[in-house]
Amino acid sequence: MVMSELPKNYDPKAIEAKWYASWLENKRFHQGHANGGEPYTIVMPPPNVTGILHMGHALNNSIQDVLIRWRRMQGYNALWVPGTDHAGIATQNVVERQLKKEGLRRQDLGREKFLERVWEWKNKYGDTIVNQLKALGASCDWDRQRFTMDEGLSNAVKEVFIRLYEKGLIYRGTYIINWCPRCQTALSDEESEHQDTKGKLYYINYPIKDMAGASVMIATTRPETLLGDTAVAVNPKDERFTHLIGKTLLLPILNRKILVIADDFVAKEFGTGCVKVTPAHDPNDYQMGLRHNLEQINVMTDDGHMNEHAGPYQGLDRFACRKKIVEDLEAAGLLVKIEEHPHAVGHCYRCDSVVEPRLSPQWFVKMKPLAEPGITAVKEGKIRFIPERWNKVYLEWMENIRDWCISRQIWWGHQIPIFYCDACNHEWADRGKPTKCPKCDSSNVRQDEDVLDTWFSSWLWPFSVFNWPDENPDLKFYYPTNSLSTASEIIFFWVARMIMAGYEFIGDLPFTEVYIHGTVRDNQGRKMSKSLGNSIDPLEIINTFSADALRFSLLMLTATGQDVYVSKEKFEIGRNFGTKIWNVARFMQMHKLAPETQPIDVRAIRLNPDSWSADDWHIVAKLDDAAKVAQECLERFRFNDYAHVLYEFLWREFCDWYVEYAKEVLYGNDEARRREVLQVMHYVFDRALRLLHPLMPFLTEELWHGMGYGLDSETIMNAAWPKADNLMLRGMAQPYVEYVDAKHDLIHKGRQLRSDYEVPPNEKIAFTIRPVDANAETQLRNDVRGIGQLLKASEISIDLNFAPEKAMPSALNALGTIYMSLGNMDVEAERTKLQAQLAAISEELDRVDARLADREFVKKARLDVVRRSMARQEELKNKREKLNALIAALG
RNA sequence: GGGCGUAUAGCUCAGUUGGCUAGAGCACUUCCUUGACAUGGAAGGGGUCACAGGUUCAAGUCCUGUUACGCCCA
C-alpha cells in the first residue's frame, strides 16, 4: 500500500501550488487531435487583458473547469482553449490614463509609438488574469493560449473583413451612431448601455415668423440640440396642428428659419404633440430628415463641446450648454415649463459617459443575411440555451437585428484593411500592406485610420483559435465545440455573433449548448462592482480558505441560471467540507491491518460481498446513487445539485453513518471483518474522490495520492469517472438499504429518548428493542454492537416478547419499539409526549382515510400514488395501535 | 411602453413531469473536548410557500389577475 502519512492539518496553499505545477509540468491539460477519441471542447470566453479576476470569472471558469474535468475523466479528448481579448477601448483607456500621469496624450506620441506603449503594457500586465485563473485550478490547455491580436487571429479578422466586404455585407455610410465623447469613438448599439435617469422635459416656445406673439410649443429632453434643429414636426392626423403645417418658425436664440412639417412618426400623445427635428443628433429625426430633405447640422465636437454651429455657445461643454441655454430661454420668455421626466439614457459601456447620438461616417456590417441560419439553428434546437428562456431573448434580438457599427476611432485594435488611393480615389480591401494603387499605380496610398470593434475579433473565437482560415486537423477535430458557458450580458455582444460567424465562415454551428449562468451579487442583491466597493476578491477567498473551497461554495450556491448572492462567510461551507474529507481520510489511515496479514492493495481492491454486513451493502448502494445523480446533474448543468449530492453522501452517509458504524469493527479484533470494512471504505472513498474531483481538484488529487489510490506517475484527473447503475448490485442491496435506513431511524429515535430525558451524552444507559417480527429480530441481533455504539448504550437487549414491568420511555420505529431504561421517570411527561404523537398520527390518518374514501381519487390518481397512500394508511393504523398500547402500559 | 426573472424558515436558497409529513446551509436553543474532525458531534425550535381568484380527486408546483423587487430591450 503506497500510503503516506497525512499531516493533521490540511495546508491548501502549499498543496494547491504543488499540484498545479505538477499538472503543468506533465502537460496534463494538453490535448491534440492526434490523441484521437471523442472530442469534447470548450472555448473560454476570453477575459480582457485589462481584467482582474472577479467573482463572475471565478464562477464561469469554475463551471467550465468542472465540465472539462468531468468529460476528461469520462475519457473524452477534452480540450479547453484559453485566451485573452485585446479589449480595444478598455485597454487604450488604461494606457491613456498612464500617459496622462506623465502629462502626455496619445496624440503627443503618435499612433506608432502609442501602440508600442500598449504592447509594452500588454506584455507586462496582460497575463494577470491568466495567472489568476491558474490559482483557481483551471485546467486549460495553456499551450494553446491565444490573444485576439496575435498574428493568427489578426489574419482571421482580416480574412473575414475582406470576405464580407467583397460580398457587399460590409459598407461605409453616414448614419446616426452612438458616440462616446470621452473615448472619442463610435460605439455599437450594444455598447451603449441604457440607464434609467431622472431627466427633465423642457417645454419651449418656438415663435412663428410674422405672427407676433404666436408660437409653437415643443418638448425636449436635450434642449442644447435645438441649435441643430432644422424643422418642427407634427402628426398629419393631429387636427390641433394642421393649420401650422408649412408655417415658418424662428429657432429660438439663433433665429434661424425652420419649417413646420408633417410626419407620421410623430406621436400625438408625447409632450405637446409638436417635436423639434434634429437630423444630426437623433436617429428618428435623421430618418425624418431624409424623408423631408432636411439639412443636417452637427452642433458638437468630437469631445462633446459645442462647435461653430452653436453660435454663442461655441466652446461650451454640452451639459454646460444645456444649463446656459435653458437660462437664456427663460430670460427670453420662451421656456414654458420644466417637468420631471425619468427616461433611459445611453452610457458608454467602457467609461460610463453619456453617449451622444450623432451623425458620423462609419463602417457597418449588414446583419440580416447573417442572422438567418443562426435563427434557424436555435429554432430547430441544434443550438440549445440553458436555461431555455434565453432562446427567446436571443431570437427576439436576432429577428430584429440591426446593422453593426464596427469602426472605432481608436488606435488599439485591428486596423481596417481598406486602402484609399488619393490619386484616383480608388478604394479597395487588401490582405497585405500595399504601397501602390492597383488601379493607377500611384504610391499616394493610405490605409483607413479606424480600427475594428473588439467583438469583431471575438466573434471568430471558436474557430480562429484553431488557426482558421488555415485548414488543419485540429480545426476539423475540435470544431464545432460543445459547451459554451457565459453570462447573459454577453448574449448579443458575443454569443449571437459567434453563431452567425460560425455559419457564415465555416458553414457550421460553433457550439451546441450555451449555458448562461447567473450574475454574482452581494448579500443585498447588488451587482458586484468596483465603484460600489462591494466586490469580494476571489483571490482573497483562495488565500483565506482555498481554491477548492471557493469553487465548491460558489457552485453549491448557484442554482441553474439564477443569480448568486455571496458574502465571505459563505465560503466556509467549502472550507469545512474540505476539512471533513481530510479528517476522514486521516481516520482511515489510522487503521492498519495486523502486520502479519497481507496488506490491502487499494489500487486493486477485490471486494467480498459474501462477507458484507448490511451497512457495507448500504454504503456501496448509496455510492452508486450518488454517482448516478452526479452524472445526471452534470448533464443538465445542475451544479448546485451535483455539489449537494456529494456533500450529502460524503458527510452524512459516509462520515456520519458508515464510518461511525465501522468503528465498532475497526476497534474490534475480527481481522477478516476489519479487512473487509477497510476495503469497502477505500473502494467507496476512492470513487467519492473521483466524483468530487471536478469540483475540488486539489484536495481530491492530494488525497487520491495520499491514500495510495494513484501512482506518482498518475493523476486523478485521468482516473475513470465512476459509472453508476450497477443493476445487479442494486437489486441485491435493496433489502439491506431498506433495513439500514430504518436502523438509522431507530438510532435517531433512541437518541431522541436520551435527549428528551436529559441523559448526558457521555452517560451509558441500557436500551431494549422489541422487534416487529422475527426477521427484524435477526437483523437487529446481528447489529446490537453497532447500534449500542451509536446509542452510547451500556447494553442493548433484543426481545421479541418484551413487556416492560414498569413505565419506560419508548419510541416506535419500522423495525420495532425501543425502550430506554431509566431509574425513575416522569410518567406524566411521557404520557404527554406519546399523546402528542398520537394526535399527530390520528390527524394524518384522518387525511389519508378521507383521501382513500374519495372515489374520484382512487379512480383518477396514478396507481403508485394510490398504493403509497394505502401503505401509509396501514402504517399509520399500526402506529396508532402501538402508541395506544404504549400509553396503556404507562398505567 | 414591451419582455424576462424572482417572491418558500430570522438570513441565503433548493424543491425536476402537480401526488407521502415542504428540505438544505448559515444563524438560534440545549448538551458534549469519547480514540478522524469544535473548520466537529447529538438533540431541538422555527414556514398562512407574496396576495386574490380559478383548473384538478389533488396546487409551493398549472392558469388568470394584483402587489413588490430585480434584469433586459425600446
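What you see is a predicted model, and the numbers here were worked out from it, not measured in a lab.
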Give one of base, sugar-phosphate or nothing for A:Lys663, where a contact means two heavy atoms less than 4.0 Å apart.
base
RNA chain B: 5'-proximal contact among A:Phe492 and A:Asp854 (nearest heavy atom):
A:Asp854
Between A:Arg575 and A:Ala585, which residue's closest nucleotide on RNA chain B lies nearer the 5′ terminus?
A:Ala585
Return the set of residues passing salt bridge (Lys or Arg N to Asp or Glu O under 4.0 Å) with A:Asp285 (not counting sequence neighbours), or none when no residue passes.
none
Roughly how far apart, to the nearest Å, are B:rU12 and B:rA27 at atom P?
15 Å
On a heavy-atom basis, the closest approach of A:Leu59 and A:His517 is CD2-CD2, 3.8 Å
Whether A:Arg497 engages the ring of A:Trp404 as a cation-pi pair (distance to the six-membered ring centre under 6.0 angstrom, angle to the ring normal within 45°) should be assessed.
yes
Atom C1', compared across B:rC31 and B:rG60: separation rounded to whole Å:
35 Å
List the residues meeting side chain to side chain contact (heavy atoms under 4.5 Å, CB included) with A:Val345, not counting sequence neighbours, and say none if there are none.
A:Thr197, A:His343, A:His347, A:Val354
Can you list the residues that meet the side chain to side chain contact (heavy atoms under 4.5 Å, CB included) rule with A:Gln835, with sequence neighbours excluded?
A:Arg831, A:Ile887
Supply the atom-to-atom distance A:Asn576 CG to A:Ile573 CD1, rounded to the nearest 0.5 angstrom.
8.5 Å
Give a yes or no on whether the ring-centroid distance for A:Phe685 and A:Tyr658 is below 6.0 angstrom.
no
If you write RNA chain B from 5' to 3' in dot-bracket form, with Watson-Crick or G-U pairs under 3.5 Å, [ ] for crossing pairs and | for pairs with another strand, what do you get?
(((((((..((((.....[...)))).(((((.......))))).....(((((..]....)))))))))))).
Sticking with atom C1', work out how far B:rA42 lies from B:rU8, rounded to a whole angstrom.
28 Å
With sugar-phosphate meaning primed atoms plus P, OP1 and OP2, does A:Asp656 contact a base, only sugar-phosphate, or nothing at under 4.0 Å between heavy atoms?
sugar-phosphate
Taking CZ from A:Phe571 and P from B:rU12, how many angstroms apart are they, rounded to a whole number?
16 Å
Say we look at B:rU17 and B:rU33: how far apart would their P atoms be, to the nearest angstrom?
49 Å
Between the base of B:rA36 and the side chain of A:Glu660, is there a donor and acceptor pair under 3.5 angstrom?
yes
Tell me whether the OP1 or OP2 atom of B:rA36 has a side-chain N or O from A:Gln589 closer than 4.0 Å.
no
Determine the Euclidean distance between corresponding P atoms of B:rC51 and B:rA74; express it in Å to zero decimal places.
36 Å
Give me the distance, rounded to whole Å, that separates B:rA9 from B:rG19 when you measure between the C1' atoms they each carry.
24 Å
Taking salt bridge (Lys or Arg N to Asp or Glu O under 4.0 Å) as the test, write out the residues that go with A:Glu396, two or more places apart.
none
Just to confirm, is there a sub-4.0 Å distance from OP1 or OP2 of B:rA74 to any side-chain nitrogen or oxygen of A:Arg402?
yes
Under 4.0 angstrom, heavy atoms only, what part of the nucleic acid is A:Arg872 near: base, sugar-phosphate, or nothing?
base
Find every protein N or O atom lying less than 3.5 Å from an N or O atom of nucleotides 22-32 of chain B, and list the pairs.
residue	atom	partner	partner atom	Å
B:rG25	OP1	A:Arg652	NH1	3.2

Using whole Å, report how far CG of A:Leu699 lies from C1' of B:rA36.
14 Å
Just to be sure I understand the geometry, which residues of residues 836-846 of chain A put a non-hydrogen atom under 4.0 Å away from RNA chain B?
A:Glu844
Ignoring hydrogens and angles, answer whether the base of B:rC37 and the side-chain atoms of A:Lys580 contain a donor-acceptor pair closer than 3.5 Å.
yes
Could you tell me the separation between the CZ atom of A:Arg638 and the P atom of B:rA14, rounded to a whole number of Å?
10 Å
Residues passing the ring pair (Phe, Tyr, Trp, His ring centres under 6.0 Å) test with A:Tyr683, sequence neighbours excluded, are none
Ring pair (Phe, Tyr, Trp, His ring centres under 6.0 Å) against A:Phe552, all qualifying residues, sequence neighbours excluded:
A:Phe577
With A:His591 via ring pair (Phe, Tyr, Trp, His ring centres under 6.0 Å) - residues at least two apart
A:Phe587, A:Tyr667
Test of understanding: with ring pair (Phe, Tyr, Trp, His ring centres under 6.0 Å), list the residues that count as partners of A:Phe767, not counting sequence neighbours.
none
Quick check on B:rA42: is either OP1 or OP2 less than 4.0 Å from any side-chain nitrogen or oxygen of A:Lys792?
no
With a cut-off of less than 4.0 Å, is there a side-chain N or O of A:Trp657 near OP1 or OP2 of B:rA42?
no
For residues 840-854 of chain A, please give each side-chain donor-acceptor pair under 3.5 Å, one per line with the distance, not counting sequence neighbours.
residue	atom	partner	partner atom	Å
A:Ser842	OG	A:Leu838	O	2.8
A:Glu844	OE1	A:Arg872	NH2	2.8
A:Glu844	OE2	A:Arg872	NE	2.8
A:Glu844	OE2	A:Arg872	NH2	3.3
A:Asp849	OD1	A:Gln873	NE2	2.6
A:Arg851	NH1	A:Ser869	OG	3.1
A:Asp854	OD1	A:Glu856	N	2.9

When all nucleic acid strands are considered with a 4.0 Å heavy-atom cut-off, which category describes A:Asp641: base, sugar-phosphate, or nothing?
sugar-phosphate
Would the base of B:rU16 count as contacting A:Arg636 through its side chain, where contact means a donor and an acceptor less than 3.5 Å apart?
yes
Look at A:His748 and B:rG44 and indicate whether a side-chain polar atom (N or O) is within less than 4.0 Å of OP1 or OP2.
yes
Pick base, sugar-phosphate or nothing for A:Val393, based on heavy-atom distances below 4.0 Å to the nucleic acid.
nothing
A:Trp651 has its side chain closest, among B:rG44, B:rG40, B:rG19, to B:rG40
